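Notes to accompany the following structure.
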Amino acid sequence: MSTIKLNFINKSNDTNNSSIVIFQQNVAENFGEIAIAWKVIKNCGRLDNHPFTFPMNFQVSASDSYGNYTPQLAADNGQAFEMIRDTSGDVLQLSKVPATNPNEVEVRNNLTSGTIAANCYKDGKLLAAKIGLAPGQKAVFEFQPTIYIGAPSQIEEGDFIDTAMTSQINTPLNLLGIISADIVMTGGGPGSGANQFYFSLENVQYL
């Protein structure tokens with residue numbers, strides 16, 4: 001299944017109009033990138049719902065030191081992409097040399113000078129990034145079918161999430177083999193007696 005249908009439902013007692021943040025972790029070894037807020041759901045009141053889709057595939061793009069951004073290219077596991085300079089300028093292309101690991105996607109800086117940033121996108125939104133890649137260096141991406149969800153404050157889509165914030169977005173939801181599901185948020189409430197938010201999958205339909 002290339003796309004999963006998800007539906008966020010607010011069944012919490014939240015009185016602070018909390019925003020809901022969703023991200024994925026890049027599980028490639030030794031990558032060390034900071035998480036990025038892929039989706040932020042705002043102003044979703046009690047008993048409101050927010051349907052959205054989660055594509056299993058992603059795209060890669062690169063930007064160079066001149067501020068140029070390449071088109072987003074569909075990426076499959078085992079593929080590698082390289083930033084080169086041709087007669088038109090800096091371009092990102094599929095490499096003839098595949099990724100070292102068949103479960104990963106690589107973006108290589110094969111320019112002779114200048115750093116690049118490697119970016120991953122899902123549903124047109126920034127999912128992960130690696131910046132400051134010098135010539136000869138590469139970024140490695142691998143994503144499991146798991147999303148992380150939470151309700152931290154003051155995060156916008158595309159923002160980098162520091163470690164302290166990541167600890168507030170710590171509920172993993174495994175989407176392996178799922179066609180559609182509701183993501184139900186409960187908990188919350190006013191004052192010092194408020195419960196923590198709890199996120200669970202309900203009405204799950206499998207392949």
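Not measured: the values here are computed from a predicted model.
Side-chain contact, T112 with R85: no donor N or O sits under 3.5 Å from an acceptor N or O. For the residue pair N68 and D90, no side-chain donor N or O sits within less than 3.5 Å of a side-chain acceptor on the partner. Side-chain polar atoms of E106 and T100 form a donor-acceptor pair below 3.5 angstrom.
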| request: Apply the test ring pair (Phe, Tyr, Trp, His ring centres under 6.0 Å) to residues W38 and F143: give CA-CA distance (whole Å), side-chain angles for both, the deciding distance (0.1 Å), then the verdict. | output: CA-CA 13 Å; W38 171 68; F143 302 98; over 10 Å; no

| Verdict with supporting geometry, D64 and M83, side-chain contact (heavy atoms from CB on, under 4.5 Å) | CA-CA 9 Å; D64 63 15; M83 189 76 145; 4.0 Å; yes

| field | Working for side-chain contact (heavy atoms from CB on, under 4.5 Å), residues E157 and K42 | value | CA-CA 11 Å; E157 285 185 357; K42 295 184 175 183; over 6 Å; no

| field | Audit row: N49, N10, side-chain contact (heavy atoms from CB on, under 4.5 Å) steps and yes/no | value | CA-CA 6 Å; N49 70 292; N10 180 6; over 6 Å; no

| query | Would V27 and E142 count as a side-chain contact (heavy atoms from CB on, under 4.5 Å) if you check the C-alpha gap in whole Å, the side-chain angles of each, and the deciding distance to 0.1 Å? | reply | CA-CA 5 Å; V27 299; E142 181 184 357; 3.8 Å; yes

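When atom types are taken as modelled, the side chain of K122 and the backbone of P55 share a donor-acceptor pair closer than 3.5 angstrom. In terms of modelled atom types and a separation under 3.5 Å, the side chain of D76 and the main chain of Q79 share no donor-acceptor contact. The main-chain N or O of T70 is found under 3.5 Å from a side-chain atom of S61 such that the two form a donor-acceptor pair. Listed for the Q24 side chain is a donor-acceptor partner under 3.5 Å among the backbone atoms of T146. Of the possible donor and acceptor atoms, none in the side chain of N43 sits under 3.5 Å from a partner among the backbone N and O of S18. Between the side chain of R46 and the backbone N or O of S12, at least one donor-acceptor pair lies under 3.5 Å. Looking at D123, its side chain never comes within 3.5 Å of a backbone N or O of K125 through a donor-acceptor pair. Between the side chain of Q137 and the backbone N or O of A134, at least one donor-acceptor pair lies under 3.5 Å.
For the pair I4/L6, a side-chain contact is recorded, criterion being any heavy-atom separation below 4.5 Å from C-beta on. At least one side-chain heavy atom of L92 sits under 4.5 Å from a side-chain heavy atom of V107. Proximity of I169 to F23: side-chain heavy atoms (C-beta onward) are separated by under 4.5 Å at one or more points. Between S63 and N119, some side-chain heavy-atom pair lies under the 4.5 Å cut-off. Within the 4.5 Å cutoff, no side-chain heavy atoms of Y148 are placed close to those of L173. With a 4.5 Å cut-off on side-chain heavy atoms, V105 and F81 count as touching.
For D159, there are no side chain to side chain donor-acceptor pair (under 3.5 Å) partners, not counting sequence neighbours. Evaluation of the side-chain contact (heavy atoms from CB on, under 4.5 Å) rule for Q93 yields E82, I84 as partners, not counting sequence neighbours.
Criterion: ILVMFWY side-chain heavy atoms under 4.5 Å apart, direct or through other members. Under it, I22 and V184 are not part of a common hydrophobic cluster. Cluster membership for I147 and M56, using ILVMFWY side-chain heavy atoms within less than 4.5 angstrom, is shared. Note on L133 and I131: separate hydrophobic clusters, where clusters join Ile, Leu, Val, Met, Phe, Trp and Tyr whose side-chain heavy atoms are under 4.5 Å apart, directly or indirectly. I155 and I20 fall into different hydrophobic clusters, where Ile, Leu, Val, Met, Phe, Trp and Tyr residues are linked whenever their side-chain heavy atoms come under 4.5 Å apart, directly or through other members. A continuous path of Ile, Leu, Val, Met, Phe, Trp and Tyr side chains, each step under 4.5 Å between heavy atoms, connects V21 with M165, placing both in one hydrophobic cluster.
When all heavy atoms are compared, the tightest approach of A118 to A139 is CB-CB, 3.8 Å. For L201 against A181, the heavy-atom pair with the smallest separation is CD2-CB, 4.2 Å. The two atoms that bring S19 and V40 nearest to each other are CB-CG1, 4.0 Å, heavy atoms only. Closest heavy-atom contact between A75 and V60: CB-CG1, 4.1 Å. For the residue pair N109 and L111, the shortest heavy atom distance occurs at OD1-N, 3.0 Å. T166 approaches A35 most closely through the heavy-atom pair OG1-CB, 4.4 Å.
For L94, the CG atom sits in a packed shell: over 12 heavy atoms of surrounding residues, nucleotides or ligands are nearer than 6.0 Å.
Annotation: the span from S200 atom OG to I149 atom CD1 amounts to 10.0 Å, rounded to 0.5 Å. Rounding to the nearest 0.5 Å places CG of N77 at 8.5 Å from CG of N101. Residue Q72 holds its CD atom at 10.0 Å from SG of C120, rounded to the nearest 0.5 Å. The distance from the CD atom of Q196 to the OG1 atom of T171 is 9.0 Å, given to the nearest 0.5 Å. The line from OG of S65 to CD1 of I116 is 10.0 Å long, rounded to the nearest 0.5 Å. In this structure, CD1 in I41 is found 9.0 Å from CE in M185, a value given to the nearest 0.5 Å.
The cationic atom of K39 (NZ for Lys, CZ for Arg) lies less than 6.0 Å from the six-membered ring centre of F52 and within 45° of the ring axis.
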